[in-house]
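Presented below is the structure to which this report refers.
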Protein chains: 2
Amino acid sequence: MSLTNASPADAAKAAKSASHILATLPASARNDALTAIHAGLTAARDEILAANARDLELARKAASSGELSQSLVARLDLNKKGKWEDMLKGILDVRDLDDPVGKVTLRTKLDDNLELERVTCPIGVLLIIFEARPEVIANIASLAVKSGNAAILKGGKESTESFVAISKVISEALDKTQVPNGAVQLVTTRDVIPQLLDLDKYIDLVIPRGGNELVRYIKSSTKIPVLGHADGLCSIFLEQSAEPKLAADVIVDSKTSYPAACNSLETLLVQESALETLLPVAAEALIAKGVTLRCDAKSKAALANKLSASSSEKLVDAQDADFDTEFLSLDLAVKTVSDIDEAIVHINTHGSKHTDAIMTSSSELAERFMASVDAAGVYWNAPTRLADGMRYGFGTEVGISTNKIHSRGPVGLEGLMIYKYKIRGAGQVTAAYGEGEGQKRFKHERLPL
Amino acid sequence: MSLTNASPADAAKAAKSASHILATLPASARNDALTAIHAGLTAARDEILAANARDLELARKAASSGELSQSLVARLDLNKKGKWEDMLKGILDVRDLDDPVGKVTLRTKLDDNLELERVTCPIGVLLIIFEARPEVIANIASLAVKSGNAAILKGGKESTESFVAISKVISEALDKTQVPNGAVQLVTTRDVIPQLLDLDKYIDLVIPRGGNELVRYIKSSTKIPVLGHADGLCSIFLEQSAEPKLAADVIVDSKTSYPAACNSLETLLVQESALETLLPVAAEALIAKGVTLRCDAKSKAALANKLSASSSEKLVDAQDADFDTEFLSLDLAVKTVSDIDEAIVHINTHGSKHTDAIMTSSSELAERFMASVDAAGVYWNAPTRLADGMRYGFGTEVGISTNKIHSRGPVGLEGLMIYKYKIRGAGQVTAAYGEGEGQKRFKHERLPL
């Protein structure tokens with residue numbers, strides 16, 4: 001990895017050239033590079049933590065004057081229990097995943113000695129814009145190298161010293177391997193982003209991680225495809241046959257286990273017939289965890305009857321906008337629906353196609369919900385918080401996509417691949433094939449993979 | 001299908017609603033709709049051909065005054081030998097393809113009674129803009145219905161009468177089936193395209209077929225992902241070990257079997273050591289078919305020595321721009337390269353990532369070329385003209401993509417699919433899982449598909 005001072009166009013061009021080399025390297029060469037990065041970082045622990053301490057000091061000052069949140073400061077600390085070790089382990093975890101490159105996914109005999117093959121290959125050059133979490137750079141660099149993609153990285157500015165120190169080590173490590181140095185480049189100033197977003201000639205995919213605003217800005221500023229999500233407006237439909245305790249547990253977990261996450265619950269849809277039976281159980285459990293319920297009139301009336309006076313203080317009247325809001329806080333919009341069909345229409349209209357769940361004892365209704373809701377994740381009796389690459393068993397993820405093409409949901413190595421078609425022939429010409437007399441027919445025999 | 005007079009926003013909104021229904025229909029319902037369309041068109045042959053005759057009459061007038069090309073007029077004629085029958089057969093061919101919806105492509109046991117499943121599903125709403133060939137509308141409508149996608153169709157204006165007649169029949173046919181009428185809509189005026197391109201809220205993918213200019217305009221005018229290709233700048237590298245006759249045959253087929261096609265050859269790269277051996281054989285064969293060779297200095301000098309005087313008249317000096325030009329005519333740019341590496345760099349720099357081939361007797365060099373060239377199709381001893389959905393055995397295609405994400409090369413039904421992740425649980429909560437003491441671990445067992 002180089003810390004690039006080149007112009008954005010030169011950096012992107014260098015990344016493109018590097019990508020063409022990287023794409024042809026065997027898995028062993030890419031894995032060796034990850035081993036070298038791991039060794040380099042292990043050896044450079046003290047320098048990197050010293051750089052991180054400088055980031056932290058600046059951040060603490062900014063926090064004390066109110067310019068930065070305390071939670072951001074906490075996220076910057078690479079010395080926090082287990083973080084450094086997790087970062088290093090993550091590199092080896094990625095190294096040890098199956099090689100995603102060169103998988104044959106289709107083989108067809110077009111004719112004798114004329115074979116079509118579809119083979120996975122890297123996309124090319126990725127531009128990844130991510131948050132100020134110092135350990136993320138090592139994770140993303142590992143994913144890029146493992147998947148055979150070149151990457152231009154831009155991390156949140158509060159971690160700049162850490163990123164620079166880590167990238168210096170990665171750069172030196174790559175110099176001892178077959179992976180070209182230009183394959184992973186770090187840019188440190190935000191002002192180059194608009195220029196990079198113009199370079200659709202060299203950059204094949206942009207992956208923004210971070211706030212809605214950043215993602216929206218990027219989507220509206222580039223012709224390069226963008227993979228990610230602006231919003232995570234996840235909903236749960238509480239159907240009348242749901243098991244009360246199970247539903248309450250899943251709803252509480254979805255809302256409260258990490259309210260700032262994109263896969264957290266934001267809207268609870270309750271079947272009208274369950275307002276006085278299932279909803280109070282869930283509401284009590286949510287309120288006990290500090291959640292404010294922004295209720296429509298029917299759900300509020302039902303709860304006001306059932307809850308204690310002190311719990312009822314956590315009920316407020318929902319505004320229309322609440323059902324289109326990703327709160328990212330301990331707020332939950334609650335809406336009454338007459339049945340599953342109304343729930344599905346509500347989610348398909350107001351949701352963000354991220355992750356939505358149904359709580360029900362009916363497998364028939366669960367399957368209908370999962371078939372009909374248009375989202376990357378559709379769950380039955382499971383919390384929306386499961387939408388995560390680690391939890392899905394992908395080893396790691398580069399982000400979560402709400403796109404309708406290419407990759408959806410948590411994006412691991414597979415989501416960073418495309419394919420090419422290879423044909424190996426023996427000089428056959430297309431003019432010889434056709435429906436006419438004396439013409440040959442294609443055989444189109446599916447061959448084993 | 002309805003011939004829509006609704007506003008673009010209303011049409012797109014209706015398509016979105018229809019897509020949500022269509023996505024949940026079983027294969028039998030989608031296939032029944034194709035059977036009904038086939039029957040309807042069969043019965044309405046006379047009316048449709050009468051409408052087509054009106055298109056033809058207008059087009060012939062325009063051609064006689066020089067406003068339209070004769071070749072376009074010929075393409076409009078639905079009464080041309082075999083065309084009507086092929087159109088009808090195409091509908092049944094699509095019907096009889098494997099159902100692309102609901103294929104399970106990943107199954108993982110996350111924990112006991114907690115299963116993750118990845119299932120293919122339709123993308124949603126497609127906007128397909130296509131050329132003035134009347135039979136194409138039936139083909140594209142079939143692909144949309146079969147793949148479970150709603151589609152808004154806009155065809156070339158010279159076929160408007162034919163399109164309207166066909167869409168009326170399709171609409172009546174769909175009315176007798178479970179496929180909602182709004183699932184396939186025809187728009188007939190070009191002025192609605194800019195408005196449709198703004199509707200990224202409802203339209204998930206734009207597929208433009210047709211000229212480079214149209215595709216470029218669309219790519220620069222919308223935030224909706226665009227699948228297709230602007231250019232088809234295909235190259236062949238003639239390596240020194242190639243078999244002379246085989247190479248000449250493939251090159252001639254690639255250039256001359258349909259010069260106006262996107263998969264036709266535009267640049268021939270010749271290894272310097274083959275200038276006086278292999279190139280003359282290929283050049284003679286090309287010139288015999290009427291091809292003009294736009295040669296760099298070295299290749300021209302070599303050919304001038306070897307070719308007859310009359311053949312040499314078809315040699316002209318290449319300009320730099322010729323190596324970035326998709327001629328779509330009987331012109332071919334010829335460039336000398338020292339070796340395979342220079343050929344690969346040339347193609348990766350000047351090509352359009354469509355289809356490129358190597359002529360060689362060395363399997364080692366062929367594999368290197370196919371691994372290193374960044375294109376949707378990379379061929380060994382086979383003509384670039386094979387890049388086609390029918391020839392690949394996909395039954396049909398909606399277009400050929402040079403994108404780097406989602407779908408590459410000829411796009412059949414599979415290219416119109418995305419997937420969703422389903423989780424079926426039993427109330428497990430994420431907070432219970434982790435590395436801490438007393439916490440559960442995910443099992444991540446891969447299950448058989």
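Quick note: numbers below take in every heavy atom, side chains included, and nothing from hydrogens, waters or symmetry partners. Letters A, B, ... mirror the listed sequences (proteins, then strands); counts begin at 1.
Residue contact with chain B, scored on non-hydrogen atoms closer than 4.5 Å, involves the side chain of A:H444 exclusively. Within the 4.5 angstrom heavy-atom criterion, only side-chain atoms of A:L205, from C-beta onward, approach chain B. Heavy-atom distances place no part of A:F369 under 4.5 Å from chain B, backbone and side chain included. Looking at B:A357, neither its backbone nor its side chain comes within 4.5 Å of chain A, counting heavy atoms on both sides. Using a 4.5 Å cut-off between heavy atoms, A:V373 touches chain B through its backbone atoms (N, CA, C, O) alone. When heavy atoms are compared at a cutoff of 4.5 Å, A:L110 approaches chain B solely by way of its side chain, counted from C-beta outward. Proximity to chain A is absent for every atom of B:Y202, based on heavy atoms less than 4.5 angstrom apart. The contact between A:K422 and chain B is made by backbone and side chain atoms together, counting heavy-atom distances below 4.5 Å. A:L116 touches chain B through its side chain: at least one heavy atom from C-beta onward sits under 4.5 Å away, while N, CA, C and O do not. In this structure, the portion of A:L114 lying under 4.5 Å from any heavy atom of chain B is its side chain and not its backbone. Using a 4.5 Å cut-off between heavy atoms, A:L106 contacts chain B through its side chain alone, with no backbone atom that close. Within the 4.5 angstrom heavy-atom criterion, no atom of A:E445 approaches chain B.
Contact check on B:D356 versus A:K420 returns no salt bridge, with no Lys/Arg side-chain nitrogen under 4.0 Å from an Asp/Glu carboxylate oxygen. We find that B:E397 and B:R391 are not joined by a salt bridge, their nearest charged nitrogen and carboxylate oxygen being 4.0 Å or further apart. Using a 4.0 Å cut-off between charged nitrogen and carboxylate oxygen, B:R424 and A:E367 count as a salt-bridge pair. A salt bridge is absent between B:K289 and B:D253: the closest approach of a Lys/Arg side-chain nitrogen to an acidic carboxylate oxygen does not fall below 4.0 angstrom.
Side-chain contact between B:I203 and B:T222 is absent, with no heavy-atom pair separated by less than 4.5 Å.
Interface summary for chain A: among B:Y258, B:W380, B:Y392, the most heavy-atom pairs under 4.5 angstrom belong to B:Y392. In terms of heavy-atom pairs under 4.5 angstrom with chain A, the leader among B:A387, B:A376, B:A23 is B:A376. Listed options A:K16, A:K201, A:R118 were ranked by heavy-atom pairs under 4.5 angstrom with chain B; first place goes to A:R118. Taking chain A as the reference chain and counting heavy-atom pairs below 4.5 Å, the highest number among B:M417, B:R446, B:M390, B:R408 is found for B:R408. Each of A:A426, A:A382, A:G409 has some count of heavy-atom pairs under 4.5 Å with chain B, and the biggest count is that of A:A426. Interface remark: of the candidates B:S19, B:S407, B:S220, B:A366, B:S407 forms the most heavy-atom pairs closer than 4.5 Å to chain A. Interface remark: of the candidates A:S17, A:G124, A:S257, A:S372, A:S372 forms the most heavy-atom pairs closer than 4.5 Å to chain B. Ranked by heavy-atom pairs shorter than 4.5 Å toward chain A, the options B:K223, B:E243, B:K353, B:E117 are led by B:K223. Heavy-atom pairs under 4.5 Å with chain B peak, among A:T24, A:I123, A:T108, at A:I123. The candidate from A:D249, A:D204, A:V250, A:I21 with the greatest count of non-hydrogen atom pairs under 4.5 Å with chain B is A:D204.
Open room surrounds NZ on A:K13; 12 or fewer heavy atoms of other groups in view lie less than 6.0 Å from it. For B:K245, the NZ atom sits in a loose shell: 12 or fewer heavy atoms of surrounding residues, nucleotides or ligands are nearer than 6.0 Å.
Rounding to the nearest 0.5 Å places NE2 of A:H406 at 16.0 Å from NZ of A:K404. Separation of atoms CG (A:L127) and CG (A:D200) is listed at 12.0 Å; rounding is to 0.5 Å. For the atom pair NE2 of A:H350 and OG of A:S352, the computed distance is 12.5 Å after rounding to the nearest 0.5 Å. If you take CG on B:L227 and CG on B:L416, they are separated by 8.0 Å, rounding to the nearest 0.5 Å.
Taking the six-membered ring where the residue is Trp, A:Y433 and A:F442 present parallel rings, their angle staying beneath 30° rather than reaching 60°.
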(request) Output, in order, the C-alpha distance, side-chain angles, deciding distance and verdict of side chain to side chain contact (heavy atoms under 4.5 Å, CB included) for A:R368 and A:D341. (result) CA-CA 9 Å; A:R368 176 131 70 98; A:D341 293 320; 2.8 Å; yes
